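Report on one structure; see the data block that follows.
Just so we're on the same page: letters track the sequence lines, and every chain starts at 1. Everything quoted here is computed from the prediction, not taken from an experiment.
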Number of protein chains: 2
Amino acid sequence: MDDAEDLVFRALADPTRRALLDVLVERDGQTLFELCTRMAGAGVTSSRQAISQHLDLLAAAGLVRVRREGRYRLHDLDTTPLAPLRERWVRPDERTDP
Amino acid sequence: MDDAEDLVFRALADPTRRALLDVLVERDGQTLFELCTRMAGAGVTSSRQAISQHLDLLAAAGLVRVRREGRYRLHDLDTTPLAPLRERWVRPDERTDP
DNA sequence: TTGACATGCAAGCAGTCACTTGCCTAACGT
DNA sequence: ACGTTAGGCAAGTGACTGCTTGCATGTCAA
């Protein structure tokens with residue numbers, strides 16, 4: 001099972017990746033080093049490679065867009081894959097979609 | 001990391017468990033055997049023990065309430081742990097909470 | 001009571017995951 | 001040109017995960 005939905009859920013399964021999303025939601029265009037610093041500040045102690053790999057996984061899930069600018073790798077958050085997820089597992093009697 | 005939030009996200013990381021939630025959202029009080037049958041019907045081929053372990057994990061995450069009735073084990077869905085999850089990673093400029 | 005049905009428990013196994021380690025490439029400043 | 005800065009690649013490792021296997025328990029019907 002390797003469809004898009006599965007990638008998103010598996011990406012969210014790790015606390016470090018969720019913390020990365022927490023940092024990314026505030027501002028687009030943060031570099032890898034910037035993210036490492038802010039993660040360390042948030043109490044998450046992960047190496048640069050570890051964080052880079054987490055970002056690769058988030059990118060594979062479509063949650064993060066990666067672009068190059070000079071020697072920097074900039075990261076933008078994309079929350080659109082989360083939209084269908086938010087409406088899932090709502091009881092039929094609790095649905096409020098008019 | 002073993003807090004409640006982490007349990008929920010890890011519980012959602014498995015496609016079989018998500019399929020179980022899909023089946024559970026329709027009706028409360030389904031037995032283990034009933035769930036096995038409906039899972040098989042949905043194209044998910046998992047043994048009874050496997051499904052039972054998945055349900056245990058969902059129960060540990062607070063997503064499923066388990067109760068006994070005679071020789072049956074009945075399962076009720078509880079979506080309240082999903083509520084905070086739905087409002088997460090929403091851009092500050094996209095927030096619409098009045 | 002006896003047998004069938006619904007489920008529980010626990011050890012073991014193979015695959016996956018997160019992380020490290022070590023070295024390499026590319027872009028900037030001086 | 002040279003060193004520094006930002007990041008890339010890939011193999012290896014320990015722990016965790018999902019699943020199986022085998023047997024045990026408890027409940028009901030006849």
Review point. Does the pair B:D6/B:R10 count as a salt bridge with the N-to-O cut at 4.0 Å?
Key: yes

Check your understanding: Whole-Å distance between D:dG8 P and A:L55 CG?
Key -> 9 Å

Review point. Closer than 4.0 Å, any side-chain N/O of A:H54 to the OP1 or OP2 of C:dC19?
Key: yes

Review point. Can you find a side chain N or O atom of B:S47 that sits less than 4.0 Å from OP1 or OP2 on D:dC19?
Key: no

**Study point:** Whichever of A:L57 and A:Y72 has its nearest DNA chain C nucleotide further upstream toward 5'
**Key:** A:L57

Check your understanding: Ignoring hydrogens and angles, does a donor from either the side chain of B:Q53 or the base of D:dT17 sit under 3.5 Å from an acceptor on the other?
Key -> no

Exercise for review: Send over the distance from B:I51 CD1 to C:dA6 C1', rounded to a whole Å.
Suggested key: 14 Å

**Study point:** Carboxylate-amine/guanidinium contact A:R88 B:D22, below 4.0 Å
**Key:** yes

Exercise for review: Drop me the distance from A:L77's CG to A:Q30's CD, to the nearest 0.5 angstrom.
Suggested key: 10.0 Å

Study note, to complete from the structure: Rounded to whole Å, CZ of A:R10 lies from P of D:dG18 at a distance of 11 Å

Check your understanding: Distance check: side-chain N/O of A:R73 vs OP1/OP2 of C:dA26, anything under 4.0 Å?
Key -> no

Point to revise | Length of the line joining B:F33:CZ and D:dC28:C1', which is rounded to integer Å | key: 15 Å

